[in-house]
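What's counted below: heavy atoms across the whole structure, side chains too, no hydrogens, waters or symmetry copies. Computed from a prediction, not measured in an experiment: that's the story for all the values here.
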Amino acid sequence: MIIMFTYIQIIDKDAHNFMGYVDYEFKNNVISMTLVRGMRKLHRINIPLSDVTDIMVEEFYGTNRISFIYNAQKYIFLNSGYGENEYLIKHLTKAVKA
């Protein structure tokens, strides 16, 4: 099991915004994320990858930005480490294609 750590922005349908960091892992076709702020864990989110839509990979200030829609919320991941982009893209697209 590999747990990754990156910056995330979550925007809901009413334009409410969460910005912070997230630990995430893929297990049994689910992305499991723990939102963190500093050393405090805020909330755990489990998203079945079969329910993810609109996966997008785009360049943002010289790095990749990966986003998707789930349950009327947009999840945006910004690269924060070596190999993180490739890991996230590989697992998201693999599960969605299955």
Atom pair CD/CZ of Gln73 and Phe68 - distance to nearest 0.5 Å: 10.0 Å
Ile76 vs Ile8 side-chain heavy atoms within contact, under 4.5 Å: no
ILVMFWY network linking Phe77 to Met56, side-chain heavy atoms under 4.5 angstrom: no
Between CD1 on residue Ile55 and OG on residue Ser67, distance to nearest 0.5 Å: 9.0 Å
Nearest-0.5 Å distance that lies between atom CE in Met33 and atom NE2 in His43: 9.0 Å
Those residues that, when tested against Ser32, pass side-chain hydrogen bond (donor to acceptor under 3.5 Å, both in side chains) (two or more places apart): Arg44, Asn46
Pairs satisfying salt bridge (Lys or Arg N to Asp or Glu O under 4.0 Å), at least one member in residues 45-54, at least two apart: none
Ile47 with Ile69, same ILVMFWY side-chain cluster at under 4.5 Å: no
Taking every non-hydrogen atom, the tightest pair across Val22 and Val36: N-CG2, 4.2 Å
side-chain hydrogen bond (donor to acceptor under 3.5 Å, both in side chains) involving Asp12 - partner list, sequence neighbours excluded: His16
Any side-chain heavy-atom pair of Leu78 and Gln9 under 4.5 Å: no
Inter-residue atom distance Lys90.NZ - Leu88.CG, 0.5 Å rounding: 12.0 Å
Val30 with Phe26, same ILVMFWY side-chain cluster at under 4.5 Å: no
Gly20 versus Tyr7, closest heavy-atom pair with distance: O-CD1, 3.2 Å
Near-ring test Phe5/Tyr24, centroid separation under 6.0 angstrom: no
Distance in Å, Leu35 CG paired with Ile10 CD1, rounded so as to fall on 0.5 Å steps: 4.5 Å
Inter-residue atom distance Ile11.CD1 - Tyr75.OH, 0.5 Å rounding: 11.5 Å
